[in-house]
Amino acid sequence: MSSFDHPSFTAAAGLVRTAGVTNVSRRGFLGFGAGALVLGALLPSGGALARAEGPAAVAPRPGTRVAAFLEIGPDGSARLLSPFVEGGQGISTGLAQIVGEELDLHPARFTVDCAPPGPDYAVVNGLRLTGGSFSTRSSYGVMRRLGATARDMMIRAAAVRLNVRRDELATEDGRVVHAKSGRSLGYGDLAADALVLKPDEAVQLRDPATFRYIRQPMGRLDARAKSTGKTVYPIDQKVDGMLYAAVRHAGHLGTEPLALGNEPEVRGMPGVHSVHRLPGAVAVAADSWFRARKAVEALDVTWSEPRPTGIDTVAADYSSGGMLAALKASKEAGIPAEKDGDTAAAFAGAAPTVEAEYDAPYLAHAQLEPPSTIARFNADGTLELWVPNQMPEVFQAVASGIAGLRPEQVIVHSPTLGGFFGRHFMYAPANPFPQAILLAQATGRPVKVLWSREEEFLMDAVRPLSFSRFRAALDGRGQPSAVEVRTVGEGPIGRWFGEVIKSPVDSSAVEGLVEKPYAIPNRSFSFVKLAHPVTIAFWRSVGHSMNDFFYEGFLDEIAEAGGRDPFELRMELLKDRPRHRDLLSAVADLSGGWRRGPYEAGDGRRARGVAMASPFGSETATIAEVSIENGQARIHDIWIAVDPGSVVNPAIVVSQVESAAALGVSATLFEEMAYEGGTRQARNYDAYPILTRDAMPRIHVRIVESGAPMGGVGEVGLPGVPPAVVNAVAALTGQRIRSLPLSKARLSGV
Amino acid sequence: MTEITVNGRIHEVAVEPETPLLWVLRDTLGMTGTKYGCGIGQCGACTVMIDGQATRSCQVPVESLGAAKVVTIDAIEDDEVGRRVVDAWVSVQVAQCGYCQSGQVMAATALLKGNPRPTDRDIADAMTGLCRCGTYNRIAEAVRLAAG
């Protein structure tokens, strides 16, 4: 089950905690009460827009008002206003396929833009967000119906215009055709009449057997623009008269600028407009970003002191090693996350037992586009933002609070993102838009704030450092009879949505550990919350990004202790799970048949590892092949069988699985955002290595459409990769890696 | 005032001589197809061609250009090899978020202009830009396709 499926999350989705902003408000900058909740315009029943006067007073049922989604040009081209932000995942193309299929208009004739805030677009369980691998699966039915409703409106308008009966009309790629008389009308001619008709939602949907666009590997609508530099990302936006601002943040999160030693000199530097103090930062506005940055780097800033010690804040001695030690040392009793059978009895009679501790580090998103925001106050009192975001209504609501406006006075533009991977949720101190608003207020000019790569690595919200302790009991046949897991830490759901969900167990901290498909009769999983003082984030595949590594690594340890082949053991534990067995067979087949090794491969010895995962409503089975070069793992091939139930664009699914797998390789081999002395150690890609071409394995993907309910796609290729690789390393070297990244370990040559 | 030649046109720009070409392109000339990724020559998102050589424009002070000819992604389809590279990029469906692809396409174009039949080793040596979406295999495939 994915985190956002949680019923109480859906029920109260309009409430989003903005801890960082409220922290800022305590310093008197932003006018929120401490612990305030911001009410987003998210729910049909309670959103800010729903409270507006006039026609907006009755909120539409999300995804039904055709005019909110579709504009048809005189030439018959369509503009689709998407509930989702495009950031590389291909959702714009997928939506054009879904809507185009039912509307009967070729997807290539669509342009797709992210819609402004509004209750029409709350199509993810009554909420609007781009994340959780939710977009297609949550909106597939709604978007089909929307396209079919729009087609019906075209037909009704044409019936009036041609003065014929509706049932004599058909459609043909953007035209309504009256076969009897040989007459036809293009959608472009009909749009003005059609889009004011009352939508009839009871329309017939197309028989899937006749699909022409859905399930086809169509090319992405943005492929050419992205290959010619024409896509306009947040960083590329420009408005008349804007100032460019560069920022320097406190090295220790939570400290403040106390004094600027050389402000007059800096103010006199070329192009500088003004110098500013902000919450936790200093800024310079200038007539170009390079000049602004030079000036802000030249500022002589005295910062307040962090607390000397502890993990309640990012203290002067805070370190990721210290945080991990604290997670390991916790003695607090856990809250049950999953419980079945009688583990105590199973352990009492067990021989042998297996125990292990696993951990994974803080990770940066490291998306190639550094974050930026333009803020402009308009003459009519509105605030206009061009802002990277994954939840437009939440950004609108928080921005309105900062600016002292009503939410509907804030216009939010959500441009195509230069990668996100979870980067652009509301992470208070990790979002540049509050600074843009404050600077636009202070200067009386539109301001574009851009964070340098160094500031981005300093302030990015990070995948939480994580820790779990495992124990398993084996029966006489080497089968696991019981598993206990104790997880200590904090997940992003608890941090950012905790006041909404109020679940004692943070699903984003334990997903990937619980609800496994394996037939292990006695299970006892517990969770202890221990908060991180750093800004934590959703990061591609969230809890699955580390927990499937933990669990599937440990499952191989169980196999080894029981003298079992890890593939065969999984097959046996899945004996009542045909969907999972099929998938495991599929990946074995894709890789040329399961073999663990080690074996000779011409240029040296190699071995393979296998892992399964159940992320975001989909299922995956993964096999990786590795060798060892100079004490480091080289990954040659990764085979992934993925079952998302059913798919819209198989080519984009393959691309997404390749991409997620590559990020999994990167995290497995290289990535770690370390803290020492209260500050982050890496401030650019030279010190935070990410996957390069040299280390990129071949990735082979097979889509299995089991017909199960549609699952997620964007994140699901990742979770199986770290454990498959680590299990292959263990098969090859005998070294069991329980702490990532692999680059920390010196692997034995073989 | 510094004179620079970009995409066949001479521009006069009033910036400090040490200003990196990247920021002159983006902020002074408004040519935002060339991307800022890291500012330290690591990621390659800002790659342009200078006298035909793939060059990371964040590392090039504008004063060092002299009469050198700068070609950016904005003019890529005016170049025959560049157009072929773009077509290959579309055909292979390389781009996901697309942010690094301006630099990747420029690097590929420069490679093929100097070496029309690159080996896999040549491709690996020339195509060193970072891609967080992990499109490396498709990048190589597209370069091979463009080479024909």
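For A:Phe420, no part lies under 4.5 angstrom from a heavy atom of chain B. Contacts between B:Ala140 and chain A at a heavy-atom distance below 4.5 Å involve backbone atoms as well as side-chain atoms. Heavy atoms closer than 4.5 Å to chain B are found in the side chain of A:Arg293, but not in its backbone. Interface remark: B:Ala88 contributes no atoms to any contact with chain A (heavy atom separation under 4.5 Å). Both the backbone and the side chain of A:Thr228 have a heavy atom closer than 4.5 Å to some heavy atom of chain B. For a residue to count as touching a neighbouring chain, one of its non-hydrogen atoms must lie under 4.5 Å from one of that chain's; by this rule B:Val15 touches chain A with the backbone only. For A:Ser452, the parts sitting under 4.5 Å from any heavy atom of chain B are the backbone and the side chain alike. Neither the backbone nor the side chain of A:Ile652 comes within contact range of chain B; no heavy atoms are under 4.5 Å apart. At a 4.5 Å heavy-atom cutoff, the contact between B:Met127 and chain A is made by backbone and side-chain atoms alike. With a 4.5 Å cut-off on non-hydrogen atoms, B:Thr135 does not touch chain A at all.
Using a 4.0 Å cut-off between charged nitrogen and carboxylate oxygen, A:Glu456 and A:Arg683 do not count as a salt-bridge pair. A salt bridge does not link A:Arg291 to B:Glu18: none of the charged nitrogens lies less than 4.0 Å from a carboxylate oxygen. Ionic pairing of B:Asp122 and B:Arg117 is not present here: no N-O contact between side-chain nitrogen and carboxylate oxygen is shorter than 4.0 angstrom. Ion pairing between B:Asp51 and B:Lys69 fails under the 4.0 Å rule for side-chain N and carboxylate O. Between B:Asp87 and B:Arg83 no salt bridge is recorded (no basic side-chain N to carboxylate O distance below 4.0 Å).
Options A:Ala223, A:Ser666, A:Ser659, A:Gly418 differ in how many heavy-atom pairs under 4.5 Å they form with chain B, and the most are formed by A:Ser659. Across B:Trp89, B:Tyr136, B:Trp23, the residue that shares the most heavy-atom pairs under 4.5 angstrom with chain A is B:Tyr136. When each of A:Lys230, A:Glu86, A:His365 is scored by its heavy-atom pairs under 4.5 Å with chain B, the top score falls to A:His365. Ranked by heavy-atom pairs under 4.5 Å with chain B, the list A:Val232, A:Ile235, A:Leu417 is led by A:Ile235. Interface remark: of the candidates B:Val105, B:Val86, B:Thr72, B:Val86 forms the most heavy-atom pairs closer than 4.5 Å to chain A. Of the listed residues (B:Gly37, B:Ala95, B:Ser102), the greatest number of heavy-atom pairs within a distance under 4.5 Å of chain A belongs to B:Gly37. The candidate with the highest count of non-hydrogen atom pairs below 4.5 Å against chain A, out of B:Gly129, B:Gly103, B:Ala142, B:Ala124, is B:Ala124. Comparing A:Ala660, A:Ala661, A:Pro697, A:Gly229 by heavy-atom pairs within less than 4.5 Å of chain B, the highest count is held by A:Gly229. Among B:Leu130, B:Val85, B:Asp74, B:Ile76, the residue with the largest count of heavy-atom pairs under 4.5 Å with chain A is B:Leu130. Options B:Cys131, B:Gly98, B:Gly82, B:Gly134 differ in how many heavy-atom pairs under 4.5 Å they form with chain A, and the most are formed by B:Gly98.
Scanning all heavy atoms of the two residues, the minimum distance from A:Leu663 to A:Leu718 falls at CB-CD1, 3.8 Å. Heavy atoms only, all atoms of each residue included: A:Ala662 and A:Leu691 are closest at O-CD2, 3.4 Å. When all heavy atoms of A:Gln390 and A:Thr130 are compared, the closest pair comes out as NE2-O, 2.7 Å. The shortest heavy-atom contact between A:Ala695 and A:Val665 is O-CG1, 4.2 Å.
By the 30° and 60° cut-offs, the orientation of the rings of A:Tyr688 relative to A:Phe457 is tilted.
The closest donor-acceptor contact from the side chain of A:Gln89 to the backbone of A:Val713 lies at 3.5 Å or more, if one exists at all.
For the 3.5 Å distance criterion, the side chains of B:Gln101 and B:Gln96 fail to qualify, holding no donor opposite an acceptor.
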